[in-house]
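These figures come from a predicted structure and were not determined experimentally. So that the names make sense, note that chain A is the first sequence line, chain B the second, and so on, each numbered from 1.
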Amino acid sequence: MLDPRLFRTDLDFVREQLDRRSFAFDAESYIELEARRKDVQVKTQELQNERNTRSKAIGLAKAKGEDVQPLLNQVQHLGDELKAAETALAGIQEEMEALMEGIPNILDESVPDGKSEEFNLELGRWGDVPDFDFEPKDHVDLGAGLKGIDFELGAKIASSRFVVLNGPLARLQRAIIQLMLDTHTAEHGYTETYVPYLANAASMRGTGQLPKFEADLFKANNDPALYLIPTAEVPVTNIVRDEIVDLKDLPLKFVCHSPCFRSEAGAYGRDVRGMIRQHQFEKVELVQIVKPEDSSKAHEELTQHAENILEKLNLPYRKMLLCAGDTGFSSAKTYDLEVWLPGQGAYREISSCSNFKDFQARRLQARWRNPETGKPELVHTLNGSGLAAGRTLIAIMENYQDAQGRIRIPDALLPYMGGLDVIE
RNA sequence: GGAGAGGUGGCUGAGCGGUCGAAAGCGGCGGUCUUGAAAACCGUUGAGGGUUGAUCCCCUCCCAGGGUUCGAAUCCCUGCUUCUCCGCCA
């Protein structure tokens with residue numbers, strides 16, 4: 001959520017910024033609603049003041065043993081009038097909240113213009129794209145040949161977009177997760193966390209999945225509503241919801257492995273082949289809670305932490321700066337890391353690292369106490385995949401394959417594979 | 001699942017219809033003392049919002065949502081949640 005004060009003090013700036021995202025902001029409705037809010041709020045508070053003053057007078061009179069009946073008569077009609085005003089105000093505030101919650105974050109200055117992903121900016125490439133002297137297979141064919149990936153079984157047990165991994169490939173995915181957790185905790189200073197895989201509506205609201213993106217979630221329970229987490233970002237970032245974090249504890253750096261569940265509504269027909277887009281996948285997530293002044297630097301570092309995993313695995317990738325139109329709702333700035341997939345002959349997203357600045361923190365009421373002002377102020381939140389484990393598995397299979405359809409285990413993963421160095 | 005006891009400011013914890021946004025302690029901040037620090041002592045210190053040029057002032061908040069009342073942290077209902085005991089269980 002954006003700062004409501006910004007809307008009152010510099011509406012033109014807001015309008016200009018939202019325009020970069022091609023977000024249709026209805027300024028007229030906002031102005032009208034804000035005017036009503038002000039009017040009704042002032043009136044309500046005046047009535048409340050009158051009630052308080054008069055009630056206090058009654059208490060005082062009673063204490064002195066005076067007859068309070070005349071005073072009681074004076075307040076008779078106040079109740080109904082006040083209740084009506086309070087109800088009206090609550091309605092307007094709800095309307096305002098709904099309006100504000102539907103507005104995306106303001107983009108960082110460095111984010112390039114552009115309406116869609118073709119306008120994303122490539123910042124650099126790392127690693128050598130493998131040059132095979134045979135026709136490389138994609139992970140689907142490789143997996144079938146190794147009897148380690150079974151999509152039909154996934155569909156039988158659950159539905160399409162689910163998969164069953166078997167034997168060494170299942171272990172390889174676990175090894176990938178282990179390497180990531182070990183690297184981020186031992187080398188990058190993150191604290192490993194284990195969190196619930198279901199989250200309530202307040203948590204989903206805090207990180208911005210609700211109210212706008214409910215269709216992308218799996219709902220696991222009504223009353224209370226519980227949703228399967230689409231990413232560990234949700235439970236982990238909500239650690240600081242409604243908290244005032246001690247300055248000495250900042251930055252908070254969490255790493256968390258979890259399964260992720262996404263309904264993929266609106267993705268019909270896209271990436272239907274293989275493990276690229278599943279309803280359930282494993283991911284290691286990095287989350288940082290930092291002082292506002294530190295978030296840009298933290299964003300660069302966090303992205304580098306994800307890159308380090310790709311480099312340890314010797315997987316060729318490129319780093320993209322997402323353009324205005326491709327940057328997510330809550331994010332001010334996002335880097336995507338795209339890994340080379342020989343089976344597709346293309347770079348595909350394997351990590352997305354975002355700086356949300358105070359956008360999530362405002363909804364979360366996640367704050368720190370600024371010693372300079374003595375006041376609680378909003379923190380900045382960031383997160384990034386470090387990395388998506390399922391897609392890492394695919395990338396390793398496709399980049400480390402040989403002509404016989406075997407998969408060599410990357411050196412960095414050997415300690416986790418129990419002596420296995422080739423999957424065949 | 002059954003029984004009981006709680007949920008109050010950054011933290012601990014008192015208040016249990018009316019000058020209570022809330023005692024006390026801890027912590028934080030400022031000061032006295034000190035070469036400096038500690039200790040001691042004194043002072044100060046909740047959050048959000050409205051209005052304002054800025055102060056003043058006003059409103060809301062004692063888990064959440066309803067209700068009773070002129071007036072609710074305090075009484076009533078519902079829900080959530082924590083702890084203890086019993087049962088069940090990976």
Integer angstrom distance from the [atom1] of [N] to that of [M]:
N     : M     : atom1 : value
B:A24 : B:U45 : P     : 12 Å
B:G87 : B:G18 : P     : 45 Å
B:A22 : B:C59 : P     : 13 Å
B:G50 : B:A38 : P     : 40 Å
B:U12 : B:G71 : C1'   : 31 Å
B:C88 : B:U81 : P     : 24 Å
B:A72 : B:U60 : P     : 9 Å
B:A73 : B:G66 : P     : 15 Å

Once you apply the 3.5 Å cut-off to both distances, tell me the Watson-Crick or G-U wobble partner of [N], or none.
N     : result
B:C62 : none
B:A73 : none
B:U32 : B:A40
B:G27 : B:U45
B:C57 : B:G50
B:G1  : B:C86

Looking at [X], does any N or O in its side chain come under 4.0 Å of the phosphate oxygens OP1/OP2 on [N]?
X      : N     : answer
A:R367 : B:G48 : yes
A:K38  : B:U51 : yes
A:R8   : B:G49 : no

A:R174, A:H257, A:Q173 screened by side-chain hydrogen bond (donor to acceptor under 3.5 Å, both in side chains) with A:E282, the one that passes: A:H257
Pair A:N383-A:E233, side-chain donor/acceptor within less than 3.5 Å: yes
A:D182 versus A:Q178, side-chain donor and acceptor atoms under 3.5 Å: no
Write down the distance between [atom1] ([X]) and [atom2] ([N]), rounded to a whole number of angstrom.
X      : N     : atom1 : atom2 : answer
A:R369 : B:G46 : CZ    : C1'   : 8 Å
A:E243 : B:G9  : CD    : C1'   : 14 Å
A:F7   : B:G49 : CZ    : P     : 15 Å
A:R362 : B:A47 : CZ    : C1'   : 16 Å
A:L247 : B:C29 : CG    : P     : 11 Å
A:D249 : B:C11 : CG    : C1'   : 14 Å

Sugar-phosphate or base contact per nucleotide [nucleotides 54-80 of chain B; S, B, -; heavy atom under 4.0 Å]: ----BSS---------BS---------
Verdict with supporting geometry, A:E264 and A:R262, salt bridge (Lys or Arg N to Asp or Glu O under 4.0 Å): CA-CA 5 Å; A:E264 295 296 344; A:R262 299 188 182 177; 5.2 Å; no
More than 12 heavy atoms of other groups within 6.0 Å of A:K219 NZ: yes
Whether over 12 other heavy atoms sit under 6.0 Å from A:E187 CD: yes
Flag, side chain of A:R15 to backbone of A:F25, donor-acceptor distance under 3.5 Å: no
A:D326 bridged to A:K115 by N-O distance under 4.0 Å: no
A:Y227 ring center within less than 6.0 Å of A:F218 ring center: no
Sugar-phosphate, base or nothing in reach of A:P371, heavy atoms under 4.0 Å: nothing
Most 5' of A:R5 and A:I244 on RNA chain B, judged by nearest nucleotide: A:I244
